[in-house]
Number of protein chains: 2
Amino acid sequence: MSNVQSIERALTILNKLSEYPDGIQIARLTEQVSLTKSTIHRLLATLVSMNYVVKDEETDKYKLGLQVLFLSRNLLNNSSIVTIAKPYLEKLSQEVNETVHLCIEDHGEVIYIDKIESNQTIRMYSRIGSRAPMYCTGVGKVLLSGATPEHVDQVISKTEFIPKTPYTITSKEAFLKEIELVKQQGYALDNSENEEVLRCIAAPIYDHKGKIIASFSISGPSNRVTMELINTSLIEKMKQYSLAISRNLGYSGS
Amino acid sequence: MSNVQSIERALTILNKLSEYPDGIQIARLTEQVSLTKSTIHRLLATLVSMNYVVKDEETDKYKLGLQVLFLSRNLLNNSSIVTIAKPYLEKLSQEVNETVHLCIEDHGEVIYIDKIESNQTIRMYSRIGSRAPMYCTGVGKVLLSGATPEHVDQVISKTEFIPKTPYTITSKEAFLKEIELVKQQGYALDNSENEEVLRCIAAPIYDHKGKIIASFSISGPSNRVTMELINTSLIEKMKQYSLAISRNLGYSGS
DNA sequence: TAATATGTTCTTTATTATGGAACATCATTC
DNA sequence: GAATGATGTTCCATAATAAAGAACATATTA
C-alpha cells in the first residue's frame with residue numbers, strides 16, 4: 001500500500017526540474033528537495049541514464065531530457081477531445097481574432113490541453129500542459145458547473161482563495177453561488193479575476209452522456225473583449241460552438 | 001555508480017505506457033517488462049500517486065497521466081531554437097505549401113521538436129517528440145554532417161541499417177559517403193529512403209560558434225516535391241532560410 | 001595558497017523493495 | 001449457477017537495495 005520511496009523522490013526531482021528550464025545544480029536542489037547531496041546525485045544519475053534528465057557538463061546543471069517530450073508525444077494526439085475540437089477552435093479563434101484555450105480538469109485543477117493563438121507572432125506551446133486554479137478562471141468555473149456537489153465540495157475544500165486581482169472571488173460561498181450562476185447561464189466569465197487586464201468567456205463541452213468533459217474559452221485584453229462585445233456577440237457564439245463540438249462528440253442534448 | 005533499480009524500472013514502465021495511449025493492463029505489462037505482477041502493481045501505485053500515471057477504474061488499464069504533459073510544458077517554450085526558428089519555418093511552409101520540420105539530435109537519433117503543417121486539417125502534434133533514425137532522414141544526415149568523425153563513428157556503430165524502402169542507404173560505407181556529400185552541398189535529401197512516397201530536403205542551423213545545432217526540412221509526397229522542384233527552387237530556398245535562421249542565432253559565417 | 005563551495009565516490013547499515021503466496025474480484029464457460 | 005481461469009490486490013519474510021555520512025576530487029574565489 002505504501003509507495004516506493006526512491007521513485008517518489010525521483011519524480012519529485014523531475015517536477016522540480018521542470019521549474020528550471022535552464023537547469024539547476026545539485027546544491028540548489030538539496031535546498032528545494034530536502035535530500036542529501038549523495039542521494040540526489042544517485043537519483044539524478046539514474047534519471048540521466050534513462051535520458052529523463054540531461055546534465056550540462058559545463059555548468060554542472062541538470063535539466064529535463066527529451067525523453068520527457070517523447071513520453072508526452074502521444075498524450076494529446078490520441079485524445080479525441082483535442083482532435084475533434086481543434087478545427088472548431090481554430091475557426092473560432094479566427095472569427096474573433098483572440099486566443100482560444102481548451103481545458104480539462106485534472107486533480108482539482110484546470111489543465112490547458114490546447115491553445116490557438118490569434119496573433120501568430122506569439123509562441124505556440126506557451127500554455128499547453130500548464131495548470132491553473134478553478135476559482136479564478138472561466139474554464140474552471142465551467143468544469144465545476146458540471147461536477148457533482150460532492151466533487152465541488154472536495155475541490156473547494158482544497159482550494160486556497162488567493163485574491164489575484166481586486167475582482168477575484170475569495171470566499172467559498174461566493175464561489176458556490178458563481179458556479180450555480182454558470183450552470184444556469186451555460187457559460188462563465190473571468191472578469192479580470194485572474195489577471196487585471198484580461199477578460200475571458202468560457203463554455204462547456206459535453207460528451208455523449210451529457211457530462212461536461214472539457215471547456216474552452218476566448219481570452220483577450222479587457223479593452224478588446226468588452227462586456228458589450230460579450231453580451232452582443234460572444235455569448236451566442238460560444239453557445240453555438242459549445243453545441244457543435246459536443247454534438248461531434250456524440251452529445252444529443254441541446 | 002550503479003543506478004537505482006526501482007527508478008529504472010518505473011521509468012521503463014513509463015516508456016512502455018507511452019506506446020499505449022489507450023492504456024494497458026498489469027497482466028500485459030508483465031509480458032512487456034519482465035517483472036512480477038506485485039512489483040509492477042506497487043511501482044504503478046507510486047506513479048499514480050504522483051499523477052504520472054492514471055488508472056482507468058472501469059477497465060483496470062493504466063496510462064500516462066497529465067503530469068507528464070505538465071513536465072514538458074517548458075521544455076520547448078524556452079528553447080531558443082524553437083522560438084527563433086518558428087516564424088521562419090512558418091513562412092517557409094506557407095511559401096512552399098508543404099510540411100516543415102525542425103529537429104535536433106538526441107542520443108544518436110533525430111528528435112522532432114517542431115512541426116508546421118501546410119494543410120491545416122492534419123492534426124498538430126503528431127510528430128513533436130517523436131524519434132527517427134539518422135541514416136534514412138534528411139535531417140539526420142545534416143545533423144551528422146556537422147558532427148566530429150568520432151561522433152559519427154559512434155552513432156553509426158550503434159545504427160542498424162534497415163532497408164525501409166528500396167532506396168534506403170544500408171551500408172556504413174555508403175552512409176559515410178553520403179554524409180561527406182551533404183557536408184559539401186550544405187543540404188541533404190531523403191529521396192524516398194524512409195517512406196516510399198515521401199521526399200524531403202533538409203538544411204542545417206548553425207549557432208554562434210558555427211556548429212550545427214539543429215536542422216529543418218521540407219517534406220512532401222514525391223509527386224509534388226519533385227527533383228526538378230528541388231533543383232530549381234528548394235535548394236536555394238533552404239540555403240536562404242538556413243542562413244537567415246542561423247544569423248538570428250548569432251552565426252557569423254556564410 | 002588557503003578557503004569555500006561544489007560534485008563524486010565509497011562503505012556501512014538498516015531500511016526498503018522484492019516477489020512468492022494468499023486472497024479478492026471479475027468474466028467466461030460448461 | 002457453479003466452476004474455471006484470468007486478472008488485480010494485499011501480505012509478509014527475506015535479502016537485496018537504497019540511504020547518508022564521510023572521504024575524496026575538483027573548481028572557484030579571496
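Chain A is the first sequence line, chain B the second, and so forth, proteins listed ahead of strands; every chain is numbered from 1.
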*Asks:* In whole angstrom, what separates A/Leu43's CG from C/dT9's C1'?
*Replies:*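 For the pair A/Leu43 CG and C/dT9 C1', the rounded distance is 15 Å.
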*Asks:* Do the charged groups of A/Lys141 and A/Glu178 touch, with an N to O distance under 4.0 Å?
*Replies:*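 A salt bridge links A/Lys141 with A/Glu178.
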*Asks:* Can you list everything that forms a side chain to side chain contact (heavy atoms under 4.5 Å, CB included) with A/Lys63? Sequence neighbours excluded, please.
*Replies:*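 Residues passing side chain to side chain contact (heavy atoms under 4.5 Å, CB included) with A/Lys63: none at all.
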*Asks:* Report the nucleotide, chosen from C/dG7, D/dA20, C/dG19, that has the shortest atom-to-atom distance to any side-chain atom of A/Lys37.
*Replies:*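 The answer is C/dG7.
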*Asks:* Look at the side-chain N and O atoms of A/Arg42 and state whether any lies under 4.0 Å from the OP1 or OP2 oxygen of D/dA19.
*Replies:*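 True: A/Arg42 side-chain N/O within range (under 4.0 Å) of D/dA19 OP1/OP2.
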*Asks:* Listed in order of residue number, which residues of residues 4-34 of chain A have a non-hydrogen atom at under 4.0 Å from DNA chain C?
*Replies:*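 Result for residues 4-34 of chain A: A/Val4, A/Gln5, A/Ser6, A/Gln25, A/Ile26, A/Ala27, A/Arg28, sorted by number.
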*Asks:* B/Leu44 has an atom CG; how far is it from atom C1' of D/dT10, in whole Å?
*Replies:*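 Interatomic distance, CG of B/Leu44 to C1' of D/dT10: 15 Å.
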*Asks:* Are B/Glu160 and B/Tyr135 linked by a side-chain donor-acceptor pair shorter than 3.5 Å?
*Replies:*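 Absent: no donor and acceptor within the cut-off.
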*Asks:* Can you tell me how the ring of A/Tyr251 sits relative to the ring of A/Tyr206, calling it parallel under 30°, perpendicular over 60° and tilted otherwise?
*Replies:*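 A/Tyr251 and A/Tyr206: parallel rings.
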*Asks:* Will you find, in the side chains of B/Thr137 and B/Asp190, an N or O donor that is under 3.5 Å from an N or O acceptor?
*Replies:*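 No, B/Asp190 and B/Thr137 have no side-chain donor paired with an acceptor closer than 3.5 Å.
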*Asks:* DNA chain C: A/Asp60 or B/Leu35, which has the more 5' nearest nucleotide?
*Replies:*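 Closer to the 5' end of DNA chain C: A/Asp60.
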*Asks:* Tell me whether A/Arg131 forms a cation-pi arrangement with B/Phe70, defined as NZ or CZ under 6.0 Å from the six-membered ring centre and within 45 degrees of its axis.
*Replies:*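 Cation-pi check for A/Arg131 and B/Phe70: passes.
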*Asks:* Using a cut-off of less than 4.0 Å, is there contact between a side-chain N or O of B/His41 and OP1 or OP2 of D/dT9?
*Replies:*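 Looking at the OP1 and OP2 atoms of D/dT9, one of them is under 4.0 Å from a side-chain N or O of B/His41.
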*Asks:* Expected output is a numbered-order residue list: members of residues 48-58 of chain A with a heavy atom under 4.0 Å from any atom of DNA chain C. What is it?
*Replies:*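 Within residues 48-58 of chain A, the residues near DNA chain C are A/Lys55.
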*Asks:* If the test is side-chain contact (heavy atoms from CB on, under 4.5 Å), which one of A/Ile113, A/Asp114, A/Ile212 qualifies with A/Ile104?
*Replies:*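 By the side-chain contact (heavy atoms from CB on, under 4.5 Å) criterion, A/Ile104 pairs with just one of A/Ile113, A/Asp114, A/Ile212: A/Ile113.
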*Asks:* Does the side chain of A/Asn15 come within less than 4.5 Å of B/Met50's, by heavy atoms?
*Replies:*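 When only atoms from C-beta onward are counted, A/Asn15 and B/Met50 do touch, with a gap below 4.5 Å.
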*Asks:* Could you tell me how far apart B/Asn3 (CG) and D/dA16 (C1') are, to the nearest whole angstrom?
*Replies:*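 Between C1' of D/dA16 and CG of B/Asn3: 16 Å.
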*Asks:* Ignoring hydrogens and geometry beyond distance, is the side chain of A/Ser38 in donor-acceptor contact with the base of D/dA20 at under 3.5 Å?
*Replies:*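 Flag set: donor-acceptor pair detected.
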*Asks:* Does A/Thr39 place a side-chain N or O at less than 4.0 Å from the phosphate oxygens OP1/OP2 of D/dA19?
*Replies:*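 The answer is no; no side-chain N or O of A/Thr39 sits under 4.0 Å from OP1 or OP2.
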*Asks:* Are B/Lys61 and B/Asp22 within salt-bridge range, i.e. N to O under 4.0 Å?
*Replies:*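 Salt bridge flag = no for B/Asp22 with B/Lys61.
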